[in-house]
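Here the structure is laid out as C-alpha cells; the discussion comes afterwards.
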Number of protein chains: 2
Amino acid sequence: MTPVKVSLRSGAVKVVTDNKQVPNHSRSHRARPTMDDVAAVAGVSRGTVSRALNGGHNVSGPALEAVQRAIRKTGYVVNQHARSLVTQRSDSVAFILSEPQDRLFEDPNFNVLLRGCTRALADHDITLLLTIAGTEEDRKRVGRYVTAGHVDGALLVSDHAGSPLLRELKGRGLPVVTCGRPLGHEREISYVAADDRDGARQMVSYLRSRGHRTIATITGPLDTSGGVDRLAGYHDVLGEGDRRLVVSGDYTQASGEAAMERLLAQAPDIDAVFVCSDLMAAGAIAALRRAGKRVPEDVAVGGFDDSKVALSSTPPLTTIRHPLGRISGEMVRLLLGHIAGEPPAAVILPTELVVRGSA
Amino acid sequence: MTPVKVSLRSGAVKVVTDNKQVPNHSRSHRARPTMDDVAAVAGVSRGTVSRALNGGHNVSGPALEAVQRAIRKTGYVVNQHARSLVTQRSDSVAFILSEPQDRLFEDPNFNVLLRGCTRALADHDITLLLTIAGTEEDRKRVGRYVTAGHVDGALLVSDHAGSPLLRELKGRGLPVVTCGRPLGHEREISYVAADDRDGARQMVSYLRSRGHRTIATITGPLDTSGGVDRLAGYHDVLGEGDRRLVVSGDYTQASGEAAMERLLAQAPDIDAVFVCSDLMAAGAIAALRRAGKRVPEDVAVGGFDDSKVALSSTPPLTTIRHPLGRISGEMVRLLLGHIAGEPPAAVILPTELVVRGSA
DNA sequence: CGACACACTGTGAGCGCTTACAATGACACC
DNA sequence: GGTGTCATTGTAAGCGCTCACAGTGTGTCG
C-alpha cells in the first residue's frame, strides 16, 4: 500500500497508490438506489416517495417519516435526468460569458455580476452554471449544451451584436436575459442594463462644468450597447463647435493604454478624457503618465463602472456607478419570470456620478 | 410597439416591449421535435435515427442522408436528459472551486487552471461546468447537484482538509480528481500536484546560497497540501542552529501584507522571506516598502507560482514555477480514466526555480 | 439451389421519475 | 345505515432516448 514512484513521460513523477478495497470500476454507479428501493424500505409505494420528496403534500405524518428514514438509510439521491425528463425542468440556468476567458478574470464587473446572480438564484434553489464561450467553437459547444435541455434558461453577458449565439438560443425558445441591450433584438429579448447613455451624459457634463474644453472619449467595443450608448451620451452633451475625439478600446486595460496613446498623438492638447470603463481608464492614466501629463492637473480622466480598480488607481477615479448588484438581481427576476411564462421585458437602471481624484 | 417606460420600484425605469408575435408562453418547449418526428420525416425508424446520431455505424448512406436532412428540417436537438437516463452519462464534468468567489478572481492560478481544463475537456467533447462553493451552504447545494447525476465526474480545486464535500463525493462513488494532495485521502482519491516540497527546498536553498541568514516564510493555509508541503520544504533546508520564522496567510495579497508586518514586528533583522504564493509576495513587498526596506537589497523575497503577478510586481519576483498547464492536462486525463473505470492514481509534477529581481 | 454470412432495419423493453386517476378507508352528516 | 367528503394511497402511463434482439433482403459459397 506504499506509494510507488514511477517515472512518467517528460520528467514527471507518478505515484500510483494501489488501494486494496475494490475501486468503483466501471459502472459501480449501478449500485445507486432508486425510488423503488426507498419505497420498499419505507414500506410505501413509489408514488408516495415522490410526493414526500416534492413538498410532502398529501402525505401522512408517519409515511413522511418512514420515507425520510428510508432515504437516509439507503443514501438515496434523486436522479435528475429522470426527473427532468418528465418535468422538462432542470432547475439550473447558464451564465454565458461571450468573452475570452481572460476578460472574466481581468474585469471585476463580471465578478460582481456573477456573485449577484449566484446569490439571487440560490434563493430559488437554482444552480448557476458558468460557461465561458470565448471562441467561436466554444460558442457552438455551449449552444449545443444549452439547447440540449440542460438548463431552463440563460443569462447572457457581454454578447456582441450579430453573434449567432443569441439568435440560436432564441430560435430554440430558450428563455434568455441579456446584460446590456441586445443590439438588434431589443424587442424580443429581455434585458437589464444601466442607463449608459445618461451616465455618459453625466460624466461629460461634469467634465465640461469643470472648465474642460477639449474632451476626448475612449469607447468600448461599438458592437455592444455599452459601447454605442456611452458614445451617444458623449455626443449628446457636446455642442456644435466642440471638437470630438473618439477612439475605441475593448474594455481591457491594455486597450485603454493604447487608445490614450493614439489620442495623444492625434491631439496633444486634450485636457479631459471620458473613458468608458475603469479598467481602460487605469490604462489611460498609465499612458498619460508616461507622456509626462499629470492627472487631473493636465488631463482630467473620467471612468465608468465604479469597480474596485476605481479605488486602487492613483489618483482614485472619478467615475459613473452602475448598480451591478441590482442588475444581477433584476436579471434573475426577469429570467425566472420568463421561464414561468411571462413575456419579455426590459429594465433600465439609473447611474450615478462618483467624484474622486482623477477629474 | 413602442417601448413603454414604466417607473419601477426604487427609482428604476422599466421598459416593457409588448411584442406582437406570440411569445413562447408557458411550455412552448413542447413544440420541441423528438426523435420520432425526425424518424417520421426521414421515413425511417427511431432506431435508425439513433444510430445515425451515434456514430452512424450500420446505417446505409441514403438513410444517413435522409436523417441528416430531417434533422435540419425539424431543427431537432437531442434531449440530453433522456439520453443520460439510459446511458448513465452526461458528458460534462464539474470544476468545483472550494473558495470564496473573490479568490477565483484574484488569483491568476485559477484562471490558468480553468483554461487548461476547459481546453483538455473540449478535445473529448465534454463540457466543463464551473461551480463556486465558497460558503458551507454553497457546498451543500453543489454536492447535491453533482451527486444528482448532472456530471460524470468532478475536478476539485483548492479543497481544505476535513471538508465534507470530498467525503460526500467519494461516498457517492463519483469520480473525483483534486488539484493538490487531498490531505487525509491520498490513498483513495486521484490527484495531481506540483512537487511543492521540493519547490520550497529549491527556493530556500537558493536564498541561503545567496548568503541570507535569517530566512522567514509566509505559508499558505495549513489545511491545504500546498501550505504544509511548502512549509516542510522550508524546514528541510534549514539546519539545526537556524532561526525559523513562520507566519501563515491565505494566499491573498492582503494576507501576505499582514503576514509580513507581523514578521517584521517579530524580527526586524529578517534578510529574506520565502512567500508561498506570488500574490502574497506582492503583498509582502508592499509591506516591506512601507517599512522602509528595499527589495532585494535589505530583504530578499522569493515567491511561488510564477503567475503573471510575478512579472508585474516591482521588482519582478524570483519564484518557483509549477506547470499549471500540465497539471490541468493530467487532471483531465486522470478524471477521464477514472470515469472509464481505472483505479485512482496520483501525478506529481516537478517545479523549477525562476530567478528574477526580488531575490 | 439451399445454406449461410452479412449489412441494414424495425421493434420493444426499459432507464427512474412525475402525475393524473382510481381506489381505499375514515369520518360526519342526515 | 346510506351517502358524500376528504385525505391518503397505489397504479399505470408515459417523458425521449438507447440498445439488444429479431427480422429482412442481398450476395456468396458449396
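Every chain is numbered from 1, with letters handed out A, B, ... down the list of sequences.
In this entry the distance linking CG of B/Asn58 with P of D/dT24 reads 18 Å, nearest Å. We find that NE2 of A/His57 is positioned 18 Å from P of D/dC6, with the value rounded to whole Å. The separation between A/Leu64 atom CG and D/dA7 atom P is 16 Å, rounded to whole Å. Separating the CD atom of A/Gln88 from the C1' atom of D/dG16 is a distance of 9 Å, rounded to the nearest angstrom. The NE2-C1' distance, from A/His81 to C/dG14, rounds to 17 Å in whole Å. Atom CD in B/Glu65 sits about 16 Å away from atom C1' in C/dC8, given to the nearest Å. With rounding to whole Å, A/Arg32 atom CZ is found 12 Å from C/dC15 atom C1'.
Taking the side chain as every heavy atom from C-beta outward, A/Asp91 and A/Thr127 never approach each other to under 4.5 Å.
In this model, the phosphate group of D/dT9 is approached by a side-chain N or O of A/Ser60 to a distance below 4.0 Å at OP1 or OP2.
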Nucleotides 17-23 of chain D: which of its N/O atoms have a protein N/O under 3.5 Å away?
{"from": "D/dC17", "atom 1": "OP1", "to": "B/Tyr76", "atom 2": "OH", "distance (Å)": "2.3"}
{"from": "D/dC17", "atom 1": "OP1", "to": "B/Asn79", "atom 2": "N", "distance (Å)": "3.4"}
{"from": "D/dC17", "atom 1": "OP2", "to": "B/Met35", "atom 2": "N", "distance (Å)": "2.5"}
{"from": "D/dT18", "atom 1": "OP1", "to": "B/Asn54", "atom 2": "ND2", "distance (Å)": "3.3"}
{"from": "D/dT18", "atom 1": "OP1", "to": "B/Arg83", "atom 2": "NE", "distance (Å)": "2.8"}
{"from": "D/dT18", "atom 1": "OP1", "to": "B/Arg83", "atom 2": "NH2", "distance (Å)": "3.1"}
{"from": "D/dT18", "atom 1": "OP2", "to": "B/Ser50", "atom 2": "OG", "distance (Å)": "2.8"}
{"from": "D/dT18", "atom 1": "O4", "to": "B/Arg46", "atom 2": "NH1", "distance (Å)": "2.4"}

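Under the side chain to side chain donor-acceptor pair (under 3.5 Å) test applied with B/Asp152, the options B/Gln88, B/Arg89, B/His338 reduce to a single match, B/Arg89.
A/Val151 and A/Ser90 get closest at one heavy-atom pair: CA-OG, 3.3 Å.
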Please lay out, stage by stage, how B/Cys179 and B/Ile327 fare under the test side-chain contact (heavy atoms from CB on, under 4.5 Å).
CA-CA 8 Å; B/Cys179 178; B/Ile327 288 180; 4.1 Å; yes
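Here salt bridge (charged side-chain N to carboxylate O under 4.0 Å, His left out) pairs that include residues 57-68 of chain B, with residues two or more places apart or in two chains, number zero. Contacts classified as salt bridge (charged side-chain N to carboxylate O under 4.0 Å, His left out) and involving residues 113-133 of chain A (residues at least two apart or in different chains) are given here: A/Arg115-B/Asp102, A/Asp125-B/Arg144.
When the ring pair (Phe, Tyr, Trp, His ring centres under 6.0 Å) test is applied to A/Phe110, no partner is found at least two apart in sequence or on another chain. Here B/Tyr145 pairs with B/His150 under the ring pair (Phe, Tyr, Trp, His ring centres under 6.0 Å) rule; sequence neighbours left out.
Using a 4.0 Å cut-off between charged side-chain N and carboxylate O, A/Lys140 and A/Glu137 make no salt bridge.
At its two ends the helix from C/dC1-D/dG30 to C/dC30-D/dG1 runs along axes set 60° apart, each axis drawn from five pairs and the angle rounded to 10°.
Taking every side-chain heavy atom of B/Ser45 into account, C/dG10 is the closest of C/dG10, C/dT9, C/dG16.
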